[in-house]
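What follows is a short report on a single structure.
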Amino acid sequence: MHSYKSALNDLFGTALSSVAGIQNSNANVITSSRPEFGDYQVNGVMSVAKQLKTNPREIAARVIAEVDLNAHPFIAKMEIAGPGFINVHLSNEKILERGNGLLTPNSLLIEKSDEPQTVVVDYSSPNLAKEMHVGHLRGTIIGDCLARVLEKTGHCVIRQNHVGDWGTQFGMLISYMKEVANDADTGPKHLADLEVFYREAKTRFDEDAEFAIIARAAVVKLQSGEQEYLDAWEKFINESLTHCQAVYDTLNVTLTREHLAAESFYNDELSKIMSGLKSANLLEESNGAKVVFLPEFVGKEGNPLPVIIQKSDGGFLYATTDLAAVKYRSFSLNADRALYVVDARQSLHFQQVFSVAEKAGFSSDKISLEHVAYGTMMGKDGRPFKTRSGDTIKLVELLDEAVKRALYLVSEKNPTLDEAKRQEIAKEVGISAVKYSDLSKNRTSDYVFDWASMLSFEGNTAPYLLYAYARIKSIIRKSTIPTASYNIESCNELEERNLLVKLLQYPEIVYAVASDSYPNHLCNYLYELAGLFMRFYEACPILKEDAAIRDSRLAICALTADTLKQGLDLLGINTLEQM
């Protein structure tokens, strides 16, 4: 049993199907919003009753009669509520048993999936030749969270960083390099120089039509493998990748160079993509370019929208390499799912690519291609977050600023700590605050970046959760009881029971994130868990109680700390023993 929720869904789904005579009825079990409504609520009865045009309370009564409590002792009682809900109360004895099972050595807190899959997670994907900026933050940390969650639930995760390293910008940069230096061995030594170099080359490209023609031709020479162009290109790439890795390390992101599967990785496959599209009778010529028109994609005026495969000058585009990536992930990696963690503004692009891939046979029958879209980080003015001068903010500068602000707060709250310790805490708090503020928002929505709220020690923030964890560890350190002997003996107090039930719901949340790709559900859970612990701590004395009660409550503290630590780790956030 991975969780009570999954067990109840199976149990009541079967009972509902039996009563209604409808196969695979959905019990729609949810977590109860209030303890007086039980621990879980079966909501699927109303939908079935509507189909049968009968009284839902009568259906609910028949469903309850179908469930044998002797065969399912984790249920203490069931009751009908409202128009036909079924409230389910868990057995205290089984709650204690399951909680203590999680305290045993080598407990994973989450059981592995019975049906493990191979899942490709495509995320971060910056364009190389310039520094990562704030626009790369969301895709990087959302993707990394999903990769961690999928691994924790037992799936084989293949990380893929599909960086842009093969497009028009590189023809532009190489051409400008050749123009300002007699040979391609000179050029920028550091990425900061390359930022300036990029802006100069871009200005040249935008303002000089002849240079733009030369730059586009250079792309074709690069993609055809001319060594002079490859050597120049490699200099830009190595500088960029070194800087990207430094940002990933600062963010505590699990991407490394071994996960790199850039546009250039698929270069040798692009001609095969062209051949495959021709064989499928999908490729057409339009204004000298090779394109695919699909009837389901039309513009506002009803004109067909093209998927451009090859430009008139012979250069390939994102769609071409994305089709090659779908083919590679389907048949070389044999993936069951492929998650594309990319800006919501690319939704049409991926709809078209996935559709073309299916029609051309580039995607396997089993693979699920999923665009995990996310919104934009906004400033307080309601526009994409930028500097006051309107420039794009470098991601490394944003993270440095977060650590500086956190250091001020940590020094203010705990001035007696030595400098090195304050710096260590500030780094974790600052980086975690930026990450958590993003991950705690529904990924499909735009959100406003606000230093004050994200660094607050109150509310649904990283500092609040890190402080809650540190406080629990402080309580445990004050005890002389070895953690290996912890055992939960009682959940008679309401606050004890509420906290323990919440702890047992942790796998439900993690499995939901693995399925639906919404990290904010895990953030909300951890925030609610920390809040329930605080209420437990205020209502239930721990260290001053008699030995039996003290040790039982210390066990609940230990399980709470373990759950918070693992949950935060799935978000890519390190915990602190002291704050």
Side-chain angles (χ1 to χ4, degrees), residues 121-126 132-149 161 244 247-255 339-346 371-387 392-406 427-466 509-510 513 516-527 530 567-575:
V121 184
D122 178 335
Y123 66 107
S124 190
S125 308
M132 293 178 70
H133 56 77
V134 292
H136 296 120
L137 177 65
R138 300 205 77 185
T140 300
I141 62 176
I142 291 170
D144 200 60
C145 172
L146 297 180
R148 290 169 181 259
V149 165
N161 195 355
C244 286
V247 173
Y248 293 151
D249 292 343
T250 299
L251 279 171
N252 190 28
V253 164
T254 54
L255 279 175
L339 309 184
Y340 291 74
V341 187
V342 184
D343 192 321
R345 290 171 290 188
Q346 298 298 315
H371 178 202
V372 180
Y374 57 85
T376 303
M377 181 194 295
M378 312 294 279
K380 290 185 177 180
D381 59 0
R383 299 178 180 178
F385 190 50
K386 293 187 177 182
T387 63
T392 301
I393 298 173
K394 295 178 183 179
L395 186 47
V396 67
E397 292 176 353
L398 179 82
L399 299 177
D400 287 345
E401 179 67 17
V403 174
K404 289 177 185 177
R405 289 173 179 258
K427 181 181 178 182
E428 296 297 346
V429 171
I431 302 300
S432 298
V434 171
K435 293 180 71 172
Y436 189 88
S437 177
D438 190 312
L439 292 170
S440 63
K441 310 297 189 300
N442 185 317
R443 62 169 168 78
T444 61
S445 303
D446 297 339
Y447 82 98
V448 175
F449 186 91
D450 180 28
W451 285 116
S453 63
M454 71 173 57
L455 284 165
S456 172
F457 279 80
E458 297 178 359
N460 190 9
T461 67
Y464 172 75
L465 291 177
L466 292 173
I509 302 300
V510 176
V513 175
D516 298 334
S517 303
Y518 283 94
N520 62 299
H521 295 319
L522 177 56
C523 295
N524 292 340
Y525 168 83
L526 294 174
Y527 173 58
L568 288 168
D569 182 68
L570 292 180
L571 299 173
I573 292 174
N574 295 322
T575 49

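Side chains are part of it too, since the values below use all heavy atoms of this structure and drop only hydrogens, waters and symmetry mates. This one's a predicted model, so the numbers in the text were calculated from it and none came from an experiment. Along the sequence shown, the residues carry numbers beginning at 1.
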Closest non-hydrogen contact found for P126 with Y248 is CD-OH, 3.7 Å
Taking every non-hydrogen atom, the tightest pair across V513 and L146:
CG1-CD2, 4.0 Å
CG of L455 to CG of D450: how many Å apart, nearest 0.5 Å?
9.5 Å
Quick one: pull up OG in S432 and CE in M454 and give me the separation to the nearest 0.5 Å.
12.0 Å
In sequence, state the C-alpha distance, the side-chain angles, and the governing distance for R443 and N520, and then conclude on side chain to side chain contact (heavy atoms under 4.5 Å, CB included).
CA-CA 7 Å; R443 62 169 168 78; N520 62 299; 5.7 Å; no
Any side-chain heavy atom of T140 within less than 4.5 Å of one from M132?
yes
Answer whether the closest heavy-atom distance between the side chains of E401 and W451 falls below 4.5 Å.
yes
If every non-hydrogen atom of M378 is compared with every non-hydrogen atom of D446, which pair is closest and at what distance?
CG-CB, 3.8 Å
Closest non-hydrogen contact found for S124 with L255 is CB-CD1, 3.6 Å
As an exercise, state the distance from CG of L466 to CG of L568, rounded to the nearest 0.5 Å.
6.0 Å
When rounded to the nearest 0.5 angstrom, what is the spacing between CG in L339 and CG in D122?
9.0 Å
By side-chain contact (heavy atoms from CB on, under 4.5 Å) - contacts of N460 (at least two apart)
Y436, S440, N524, Y527
Test side chain to side chain contact (heavy atoms under 4.5 Å, CB included) applied to D343 and Y374, step by step
CA-CA 5 Å; D343 192 321; Y374 57 85; 4.2 Å; yes
Between T376 and P384 (side chain of the first, backbone of the second, donor and acceptor by atom type, cut-off under 3.5 Å), is there such a pair?
no
Which of these passes side-chain contact (heavy atoms from CB on, under 4.5 Å) with L398: L395, V396, D400?
L395
Side chain to side chain, I142 and D438, heavy atoms closer than 4.5 Å
yes
Side chains of L251 and V434: closer than 4.5 Å at any heavy-atom pair?
no
With a 4.5 Å heavy-atom cut-off, do V342 and S125 have their side chains touching?
no
To the nearest 0.5 Å, what is the distance between CE on M377 and OH on Y447?
3.5 Å
Atom pair OG1/CD of T575 and E428 - distance to nearest 0.5 Å
8.5 Å
Side chain to side chain contact (heavy atoms under 4.5 Å, CB included) between N252 and K435, worked out:
CA-CA 10 Å; N252 190 28; K435 293 180 71 172; 4.3 Å; yes
Under the 3.5 angstrom rule, does the side chain of R138 hit a backbone N or O of G375 as a donor-acceptor pair?
yes
Going through the distances and angles, do V510 and Y525 end up as a side chain to side chain contact (heavy atoms under 4.5 Å, CB included)?
CA-CA 10 Å; V510 176; Y525 168 83; over 6 Å; no
What's the shortest heavy-atom distance between V121 and G143, and which atoms?
CG1-O, 3.7 Å
Please report the shortest heavy-atom distance between L439 and C145, naming the atom on each side.
CD2-CB, 4.4 Å
Pairing of R148 and D144 as salt bridge, 4.0 angstrom limit
yes
